[in-house]
Amino acid sequence: MAIAAETDFLIVGAGIAGLRAAIELADSGRVLVVTKEALGESNTNYAQGGIAVALGGGEDIALHLEDTVNAGDGLVDREAARVLVEEGPLRVDELLEWGTGFDREHGRLMLTREGAHSRNRILHANGDATGAEIGRSLLAHARGHRNITLLEWTTTADLTLEGDRVSGAWLLEREQYFQSVRARAVLLASGGAGQVYSDTTNPPVATGDGIAMAYRAGAEIADMEFYQFHPTALSVPGVSRFLLSEALRGEGAFLRNASGERFMERYHPLLELAPRDVVARAITREGIGPDGEQLPIYLDMRHVTGIDLYSRFPGISRFLRSHGLSLAADLIPVRPAAHYLMGGVKTDIDGRTSLQGLYAAGETACTGVHGANRLASNSLLEGLVFGARAGVAMREAPESSAPATTPPPLAPYPSRNIDTLHQALQRGMWENAGLLRDAQGLSIMKRFIEEVRAEIAPHRGSIELANLHTVAGLIVDSALAREESRGAHYRNDFPHRDDAHFAQHSIVRHGRITFEPMRESVLAR
Ligand code: SIN
């Protein structure tokens, strides 16, 4: 399809946040949604466990707020969290109206529990394929609107600027043709950046594109040191780090170390349902033997009775079966893997970034709603609530008139093999900027990032690698600057939380890091 040179609203990414924003905008002008692969291929599509939502009214909502704040380890922006839990039920009701098939028992919505939730409030669909079902219904709804154009296989290469204002983007269609598109407002909803680590539950598309583009354009980026590692990704040599949903523990799974001990008793009163950062670190520690050797850790559901594990978790069961494992009969080897980025493009609670004309929502954005550690299953809700809010705010964006000043990113192909560089970056990040960090490892990684900078500048054939390189630099610099341990950020050399110095958000802009309260710096309109 030929790309129009102008639209009212440009949305980068077709996951839950991007589609929800598009639906909100559809009556206000032409909406162009671009995604770099086939429609449907996004982190949303792989979300298993569910969507957390307080459907029981006042007290239920207040408890959801407290759970979100507590999981975030002293850094949750309370206003953002309040918006999330209060508007969540309305947004989920819309999904039901639009045909999302959440699982039901005797006609009533089924609710499960995950880590650090004080009650059962996780809706799920098709057992363990919640994101795919929500994505399907949003896409069907968006397709029904004639103002929404959905464009797949189209990479957003960079944002265009008119002075300080974002005026659109350079799109690269099927890796061949550059086309600039002007828009009143651009929404970055391109998801996370799990591919910055060698071990991740994220699909290959999760390359931090929105964050890297926003940073290059001069936007403020917040809290990049807070990368969440999911405790239980499958750990079988030669097999992808397939996610084993927290809902398995919600339905009673135990964690056992190499001696068969249920070790979470030594780490947290909530045992296997402790906050995600606590469980991930406990698994990592239990998985290191006396001589530094790696020991196996297992998820154990063999004792669980009263539910048919195969029909409750069909996707997980099928994947395990293809590798000769069964939830009901086997110990399942697990280990943490990079899963979700709490940091991102700094926004207010309406998706506005520090640059005029630029908005962000979902995992690309950082509203501060998750603080230092996201509560399980709050991410789909975040995409819905803040995607819709960004759509409302974008309607108010003024027309722009001046021509764009940013040239197309047309550098030649890089000299070294892209795959080799990508793997070196991922491995280095996993080893030096992963679950347990210190100044020495982070400094090694910082040097590597500098050394390969010239080779990795955005090229036609390596836009994603350049974006990952930018994201890696932001994570490492922010992790070095935060000399404390909090939530998902654990420094071996600063093992304690230090509220006196670091009860603030890290903000990076143009290579400079500051620590600030979330809402103090001025967000441009
Ligand atoms: C899971 O199913 O464990 C993932 C849900 C989430 O990341 O919140």
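Whatever order the structure lists ligands and atoms in, that order sets their numbers, starting from 1.
- Short contacts between ligand 1 and A376, defined as distances under 4.0 Å to a heavy atom of the residue, involve ligand atoms 8 (O).
- Using a non-hydrogen distance threshold of 4.0 Å, Q228 does not register as a contact of ligand 1.
- For atom 7 (O) of ligand 1, the nearest protein heavy atom (residue, atom name, distance) is H339 NE2, 2.6 Å.
- The atoms of ligand 1 that sit less than 4.0 Å from any heavy atom of H230 are 1 (C), 3 (O), 4 (C).
- Side-chain contact check for E382 and H370: at least one donor-acceptor pair (N or O, by modelled atom type) lies under 3.5 Å.
- In R276, the part holding a heavy atom less than 4.0 Å from any atom of ligand 1 is the side chain.
- The aromatic rings of F229 and Y227 are tilted relative to each other, their planes meeting at an angle between 30° and 60°.
- Both tests hold for R285 against Y490: distance to the six-membered ring centre under 6.0 Å, angle to the ring axis within 45°.
- In the vicinity of E246, heavy-atom distances shorter than 4.0 Å reach the ligand 1 atoms 1 (C), 2 (O), 3 (O).
- In this structure, the protein non-hydrogen atom closest to atom 8 (O) of ligand 1 is S377 N, 2.6 Å.
- On a distance-only criterion, S245 and ligand 1 share at least one N/O pair closer than 3.5 Å.
- Rounded to the nearest 0.5 angstrom, R437 CZ and N432 CG are separated by 11.0 Å.
- A cation-pi contact links R374 to Y340, judged by a cut-off of 6.0 Å to the six-membered ring centre and 45° from its axis.
- Ring to ring, H124 and F102 are not that close: their centroids are 6.0 angstrom or more apart.
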